[in-house]
There are 2 protein chains.
Amino acid sequence: MTHSDQKNSSAAERLLLLQSHLVHGDSNVATGVRDLAEERAAASFNVVDMADFFAGGKEAADYMRTAYQIIRRDPILYLSTGSPFNDTQLQEREKTMAQIRRYVEISRNMKDPKQRAAFELAMNIYSESFSMRIYVHEMLFKQSFLLNGTVEQYEEWKDDIESWKCIGCYAMTELGHSSFLRGLETTAVFDRETDEFIINSPTITSTKWWIGMAGETATHTVAICQLIIDGKQYGTFWFVVQLRDYAAGRLMPGVTAGNIGPKAGRQGLDNGWIQFNGVRIPRKNMLMRWATVTREGKFTQAPHAALSYAALIPERLSCLFATANMCGQAATIATRYSCVRRQGPKDEKVMDFQTQQVRLMPAVATVYVCSVVSRVMMAHWGNMTSMINDQPEEFLRLLSDVHAVSAGFKAVSTWRGSEVLEMCRRACGGHAYSAHNALAGIIGDWGVVTTGGGDNIVLTQQTAVSRHAACIYCAEVVF
Amino acid sequence: MTHSDQKNSSAAERLLLLQSHLVHGDSNVATGVRDLAEERAAASFNVVDMADFFAGGKEAADYMRTAYQIIRRDPILYLSTGSPFNDTQLQEREKTMAQIRRYVEISRNMKDPKQRAAFELAMNIYSESFSMRIYVHEMLFKQSFLLNGTVEQYEEWKDDIESWKCIGCYAMTELGHSSFLRGLETTAVFDRETDEFIINSPTITSTKWWIGMAGETATHTVAICQLIIDGKQYGTFWFVVQLRDYAAGRLMPGVTAGNIGPKAGRQGLDNGWIQFNGVRIPRKNMLMRWATVTREGKFTQAPHAALSYAALIPERLSCLFATANMCGQAATIATRYSCVRRQGPKDEKVMDFQTQQVRLMPAVATVYVCSVVSRVMMAHWGNMTSMINDQPEEFLRLLSDVHAVSAGFKAVSTWRGSEVLEMCRRACGGHAYSAHNALAGIIGDWGVVTTGGGDNIVLTQQTAVSRHAACIYCAEVVF
């Protein structure tokens, strides 16, 4: 065979091979599409009905379908490379902020509030870093005004928050303390002369740490501080502090803040640190729905100690949704892979091996359980927050119960989530080691969830104490 | 207070704060050093004796101490930034290859073979990406010549391998098949006319995939291929193929290879893919210790089917060492953190909480167990390989037993490793989410270990089958 013959023959073989990919013939390289179609056709239930049920009904499912279509057709919302796996941290952050701006623009022009809600949900499912930013701003920051601010305070800030003119973060955790919140060290000292609070970070350990969007983006924060009046300490309360100016994002006088640096996941979110050095804010920047400080420096107590942390309840409940969402993505990837991956002497689908089924069926079940519980609990919380102005006593009556239950659900669902993600990873074999399989990234993102937003061990203890008290109460009332 | 007063007062406060860090006073920011010293002093055993035991005796421990000192004092071996956490994949790879070159240079000039071995071990512990490269080249590639090559073949290649003139990789896994090795598709067709084998990747799924150092570095590979003579298939055997030239690392004619892309961990190792298109190699490049093909194309069978995979036995045994090493690093980080991190109403060390102890004590125990078992098994394997030339029958007699045992140890230790790493991560609370805590990186690196190098589920089945057969044998002999 001459060199030229060999070259022609190789080229011809290569063309045949390429053709076999395109026509889905019986070459083993093209079985994937057919295998998946077969599996879908073999379902013992109506797949569309199940998708509708999963979304919370046919109407909700249709809104979600429209929302995904909007994302897919938008050149800014939809990542042009299909994934962030090749991006640097900086690139991912730029793309995520571009998504936020585009999302606000589209959302503002949507007439149908149900479509708007579905659009937000779809974006949160689509991008983890997007969802964390939305979450910090709209849930932690905005809900702090709703739950801890007066009606007037909420009204004052609402428009700037909803338009993202001001970008908010939620400064609770400090370098030295997180699980033991009473140990937080940042101070807010009342200055009677000027009717201001002076915010200070008195030690290195009092540095606000891990604060989402504090690294580069946030113009404002709600910061939890030890309230001090005339040298006396009154406990921790929330204060609104401007971090950066609107014009160019420059740090305000007395504020030092920066990036946390490289981390396990969610590279698109700028977790940061903040130090306050004699930052003066007007007295009205203390959130005063429950506890108040008057012009004269007179303090009145909040009716319920847990109120300061009320915004953490939706954070904990959102972990149920996050478990359903992240495990849902992982189970989808692992299950599809198992239906198209073939191995063994008869070239079986690996899904046909029992060892694969015992890992993936419980993973899928977890997704459905967490999805349903999440929907029920979120509806309950929605009802509660709608009472806050007209029936504050009823809101307060329900608060400690939902606090205990949400803490327990958060711990149990996120621990279970870790197990499910690892099972799905293993079910994908060696190919889960590629970033393009997405599971490594999901597991990286998930790294913070069992310890952040309340350490699971601390939370389950709180749930246990509360349930124990409830048992004793029942026993005393009934017998 | 004037602006100037305030400025002076802030500066004075800041100086006091800095001073408190330096003098280890009673400010809570400087308790770490004291807390660790206290814990160390309180040990109920002699810490140096324990370190000696852990290293395998006082002599071995002293060699390791010297080795670590060499690393720490060398500006190339020791990462100047202290860690690779801020490096890109490319930077990490460049630094790792610089470490390899420096390591070869230092190692070559070491007179004492025990010091040389300790130096290699210390480097492997110090850098995971370094260790993977050393491992691919010296264990998988070089041992393939030792275990599957003739004495002459081993002698022919030994010097170039040891000097790293040729850089080797180990091309076993293919895109379509890994656990089912008999399904591998790469072919080696004997050409009687030219006394050569022609190596081909006949399908996309036959592409060699995940091959460590194939992406950018390796000049040669041992590749497992279906041996075909006169159209008849004889099973899988190993062939040495040159991938790149020595002068500039250019791919050889007929070889296409590249990087796998972003992945979960071990960014410093260039996992790659290889396709062969009619690559011709001389007949003597088939490794012929056990099976042979003569000049006339006559094939003689290997005495033992598992021989092709003998180089996988040290790979599996090395997982015991890897578990001890990686869990050892994780347990050290988490335990030290728990001794200096304070939380709670009495500012307790978190190590004093029972919930922390039940996570960390089993982690530490795992490290000791795996370390001891690893040392015993590696000594056993060392004895076996020293028999290979003089007592090949004895080597073969022991092979299937050690294959079954190593498979079981690999699965059990790496599964346990996953649990321990996750426990250690959680024990560090939110701070494990920072890349600088190192646990996220270790968990990323670990991602491949339960499925790569033999999927744990497949391996435990092999162990079970072998032990079952052994039971039946015993029952028949005894009763």
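Note on naming: letters A, B, ... go to the chains in the order of the sequence lines (proteins, then strands), and numbering restarts at 1 for each one. No experiment lies behind these values; they were computed from the predicted model shown.
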Answer yes if the side chains of [X] and [Y] hold a donor-acceptor pair under 3.5 Å, and no otherwise.
X: B/Asn456; Y: B/Thr414; value: yes
X: A/Thr205; Y: A/Glu185; value: yes
X: B/Thr207; Y: B/Glu174; value: no

Q: Tell me, please, which residues at least two apart from A/Tyr337 pass ring-ring contact (aromatic ring centres under 6.0 Å, His included).
A: none

Q) Mind checking what makes side-chain contact (heavy atoms from CB on, under 4.5 Å) contact with B/Asp191, not counting sequence neighbours? A) B/Glu193, B/Thr194, B/Ile198, B/Arg280

Compare all side-chain heavy atoms of [X] with those of [Y] and state whether any distance is below 4.5 angstrom.
X: B/Val189; Y: B/Asn200; answer: no
X: B/Lys410; Y: B/Leu312; answer: no
X: B/Glu348; Y: B/Phe353; answer: yes
X: B/Met423; Y: B/Leu360; answer: no

Just give me the residue among [options] that pairs up with chain B most often, heavy atom to heavy atom, under 4.5 Å.
options: A/Val448, A/Leu439, A/Ile457, A/Thr355; result: A/Val448
options: A/Gly447, A/Gly452, A/Ala440, A/Gly453; result: A/Gly447
options: A/Phe180, A/Trp209, A/Phe85; result: A/Phe180
options: A/Thr88, A/Thr173, A/Leu175; result: A/Leu175

(Q) Just to verify, what does B/Thr256 make a side chain to side chain donor-acceptor pair (under 3.5 Å) with, not counting sequence neighbours? (A) none

Q: Counting only heavy atoms closer than 4.5 Å, note whether B/Leu181 contacts chain A via side chain, backbone, both or neither.
A: neither

**Q.** Per-residue contact mode, B/Gln89 against chain A (heavy atom under 4.5 angstrom)
**A.** neither

**Q.** Salt bridge present between A/Arg341 and A/Asp35 (N-O < 4.0 angstrom)
**A.** no

Do you know which of [options] has the most heavy-atom pairs under 4.5 Å to chain A?
options: B/Ser418, B/Gly344, B/Gly441; answer: B/Gly344
options: B/Pro262, B/Gly444, B/Ala264; answer: B/Pro262
options: B/Gln461, B/Arg182, B/Gln343, B/Lys263; answer: B/Gln343

Q: Using heavy atoms and a sub-4.5 Å threshold, report which of residues 424-434 of chain B line up against chain A, by residue number.
A: B/Arg425, B/Arg426, B/Gly429, B/Gly430, B/His431, B/Tyr433, B/Ser434

Q: Measure distances from A/Ser178 to the heavy atoms of chain B and classify the residue's part below 4.5 Å as side chain, backbone, both or neither.
A: both

